[in-house]
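Let me give you the structure first, and then I'll get to my questions.
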Amino acid sequence: MSLQKFIDQAISPWMQSEGPDADIVLSSRIRLARNLTDFAFPVNASKDQREKAFHYIKERLEKEAYHSMGQFEWINMDGLEPIEKEVLVEKHLISPNLIQYSNHAAVLINENESVSIMVNEEDHLRIQCLFPGFQLNEALTLSNGIDDWLEEKFNYAFHETRGYLTSCPTNVGTGLRASVMVHLPALMLTQRMNRIAPAINQFGLVVRGIYGEGSEALGNVFQISNQMTLGKSEEDIVEDLRGVVMQLIQQEKAARRDLLDMSKIQLEDRIYRSYGVLAYSRIIHSKEAATCLSDVRLGIDLGLIKGVSRSILNELMVLTQPGFLQHYFKEALSPDERDIKRATLIRERLNLEDFQKPTD
Amino acid sequence: MECQECHLRPATLHFTKIVNGDKMEYHLCDQCAKEKGDVMAGSGSFSIHHLLSGLLNFEQHVGENHHHNHSVLKCPKCGLTYPEFVEIGKFGCDECYKAFHDKLDPVFRKVHSGNTMHTGKIPKRAGKNMNMKRKVSTLKETLQKLIEDEEFEKAAEIRDEIRALENGRNDE
């Protein structure tokens, strides 16, 4: 398979368009957790109950279409190879949990992969809507529409004072998790993020790295999401998150300006070096790749690197993960082999671009 | 114990994987665990689960003096007991919320910044009467205020509106 064709398959169509504030906000996501009153929640259900709920849901959703979204594809988790499951996780279409519970579990995905509905994960239904850029309200509106559509088919587990009843007490109420993925290289370079992250936590929001573990954020990409789901309306939850993210965007922009004003030569040096590493290295660890990709993306956003498309960061962050690498090269790879193949894939990908050498 | 993958760093992640009934033990360092495809970065189930379990346990210890003479709470629908709920940190079905109702307020308060009541979306079918109830209660508040302000004409209008809504419900 050619690399271009592989990328077309690997990168969800919704990711290929740019949303508002795309220079900082990579994507916006809304997730709603819903359960049926007719069945025990999937986590504690017996095998028999799980199976019953599965077929009940499948019957009512398998061949359904939601308005303009087109038909959903019903994908049984049982029928997938481990590597295919991993690819779905790396595309953020399913959670790692769905793999753990893949017995009588499924996911419904629409054509452009912006909507996925997980069946029999921790909850019976988990609706997820992904939008490019900063579009939380749009994502909430779509999720609400899909939620109403599902409620016509299923008897939801809902309680007057507790709201939507979920398997985990941390999701009860609205069952809503709103999140944005943001790229904050300048706040990291200027070390301002150290002060900002704790402040964000005080608003009841959680900041975490997407690709790294714990506090480490690979590629300076962070996810910001709401913690509490009970006692606030959906609109307020989204609005509070939106307000904080708007502040973050301003802060990141200010930090980028400061870097250009005060240390342009150092910044250029860093960005071009990183480009060099990506373009010419033969062995690259995922951490180094992420750092360099972040630098190059910053260079593109600031107009220092020309002829390379912005989507390169999101794309290569996804493509250079272990699952995708092995999927592309069609073999199981040891960590050392992966570092070699990762460098190969990045070089091939950059070759598809029309990098313009800086004139000076 | 050293990591079984790289034999360099100490193993920090220990887990058992069961594939088709075959049990395999893994001892990995963070880095190899991340590199190894089948351990997903960010699955995070460990931390959140244990935090929650600890939180629920705390509630149980506080309440221990009281429920020596009580029998163990058990959900009539799915059979989950309260101690089981505490152990796994997950409800078994929607009835568990009613069965454990008396113990849940402190839990929710901790997890949701002091909140115990849902104020968001109400589903059209499952909450058919609730949308109306919420509307009536807002109207009643308005009515109260109008009466205090001696705006009796407007108050009468609101009163009629409330009556109409309530009668509508009785008709159903």
Side-chain angles (χ1 to χ4, degrees), chain A residues 35-37 39-41 43-45 82-83 86 89 95-97 99-100 122 144 147-148 151-152 155-170 172-174 176 204 208-213 227-237 286 321-323 326 332 335 338, chain B residues 5-6 19 30-45 47-49 51-52 55-56 75 77-80 84-85 88-98 101 104 107-127 129-130 133:
Chain A
N35 283 287
L36 277 50
T37 184
F39 304 95
F41 297 163
V43 179
N44 290 327
I83 204 111
E86 207 178 320
V89 171
S95 65
N97 272 341
I99 294 186
Q100 218 178 316
E122 191 183 288
N144 269 331
D147 181 39
D148 294 342
E151 206 230 337
E152 290 167 15
N155 296 318
Y156 274 171
F158 183 83
H159 184 265
E160 197 162 330
T161 53
R162 304 296 196 201
Y164 293 93
L165 304 179
T166 54
S167 168
C168 187
T170 53
V172 73
T174 55
L176 173 102
R208 62 180 187 88
I210 299 237
Y211 298 102
E213 282 281 289
Q227 173 89 288
M228 61 178 256
T229 55
L230 182 68
K232 258 203 229 176
S233 72
E234 287 79 0
E235 289 73 20
D236 287 349
I237 291 173
S286 57
Q321 295 174 92
Q326 299 180 68
R338 259 178 244 159
Chain B
E5 192 73 18
C6 64
V19 181
D30 279 357
Q31 202 169 331
C32 291
K34 217 191 301 170
E35 289 277 357
K36 238 180 124 54
D38 49 3
V39 185
M40 292 299 164
S43 59
S45 54
S47 55
I48 188 79
H49 169 79
L51 276 174
L52 198 67
L55 208 144
L56 295 165
C75 171
K77 188 168 163 185
C78 71
L80 189 81
E84 282 168 344
F85 164 65
I88 55 176
K90 306 262 158 75
F91 293 103
C93 69
D94 56 350
E95 279 294 316
C96 293
Y97 278 88
K98 280 184 197 145
H101 180 271
L104 294 179
V107 177
F108 291 155
R109 239 177 252 135
K110 283 222 176 76
V111 182
H112 299 286
S113 320
N115 295 306
T116 58
M117 298 261 287
H118 177 60
T119 54
K121 184 172 177 177
I122 295 172
K124 286 195 184 85
R125 284 192 317 117
N129 287 328
M130 259 178 276
K133 271 192 208 162

Worked check of side chain to side chain donor-acceptor pair (under 3.5 Å) between B:K121 and A:N144 = CA-CA 9 Å; B:K121 184 172 177 177; A:N144 269 331; 3.0 Å; yes
Task: Residue A:E152 versus chain B: region with a heavy atom under 4.5 Å - done: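 For A:E152, the backbone is the part near chain B, not the side chain.
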Looking only at non-hydrogen atoms, find the nearest pair between A:Y164 and B:I122 and report the distance.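 Minimum heavy-atom separation between A:Y164 and B:I122: OH-C, 3.9 Å.
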Next on the checklist: Is it the case that the side chain of A:T161 and the backbone of B:M117 share a donor-acceptor pair, with hydrogens and angles ignored and the cut-off at 3.5 Å?
Outcome noted: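 Not confirmed, A:T161 side chain does not pair with B:M117 backbone.
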Only pairs of heavy atoms separated by less than 4.5 Å count here; which of B:C6, B:C78, B:G92 has the most with chain A?
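Highest number of heavy-atom pairs under 4.5 Å: B:G92.
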Requested in this report: Would you check, one step at a time, whether the test side chain to side chain contact (heavy atoms under 4.5 Å, CB included) holds for B:F108 with A:V172?
Outcome: CA-CA 9 Å; B:F108 291 155; A:V172 73; 3.8 Å; yes
Quick one: closest heavy-atom pair of B:V111 and A:T170, and the distance?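 Taking every non-hydrogen atom into account, CG1-CG2, 3.6 Å.
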Which atoms form the tightest heavy-atom contact between A:T166 and B:Y97, and what is the distance?
->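 For A:T166 and B:Y97, the tightest heavy-atom pair comes out as O-OH, 2.6 Å.
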Chain B heavy atoms under 4.5 Å from A:S95: which part of the residue, side chain, backbone, both or neither?
->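 Neither; nothing under 4.5 Å.
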Do any N or O atoms from the side chain of B:N115 and from the backbone of A:L230 form a donor-acceptor pair under 3.5 angstrom?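 Yes, because the side chain of B:N115 sits within donor-acceptor range (under 3.5 Å) of the backbone of A:L230.
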Evaluate the criterion side chain to side chain contact (heavy atoms under 4.5 Å, CB included) for residue pair B:I88 and A:N44; output intermediate values, then yes/no. CA-CA 9 Å; B:I88 55 176; A:N44 290 327; 3.0 Å; yes
B:K90/A:E122 under salt bridge (charged side-chain N to carboxylate O under 4.0 Å, His left out): CA gap, chis, key distance, verdict: CA-CA 9 Å; B:K90 306 262 158 75; A:E122 191 183 288; 3.4 Å; yes
With sequence neighbours left out, write down each residue that passes side-chain hydrogen bond (donor to acceptor under 3.5 Å, both in side chains) with B:R125, or none if nothing qualifies.
->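 Once residues adjacent in sequence are excluded, the partners of B:R125 under the side-chain hydrogen bond (donor to acceptor under 3.5 Å, both in side chains) criterion are A:N155.
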- request: Kindly write out the residues that satisfy side-chain hydrogen bond (donor to acceptor under 3.5 Å, both in side chains) with B:S113, not counting sequence neighbours, or none if the list is empty.
  value: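 Per chain and number, B:S113 pairs via side-chain hydrogen bond (donor to acceptor under 3.5 Å, both in side chains) with no residue.
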**Message:** Would you call the rings of B:H118 and A:F158 parallel, tilted or perpendicular, taking 30° and 60° as the class edges?
**Reply:**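 It falls in the perpendicular class, over 60°.
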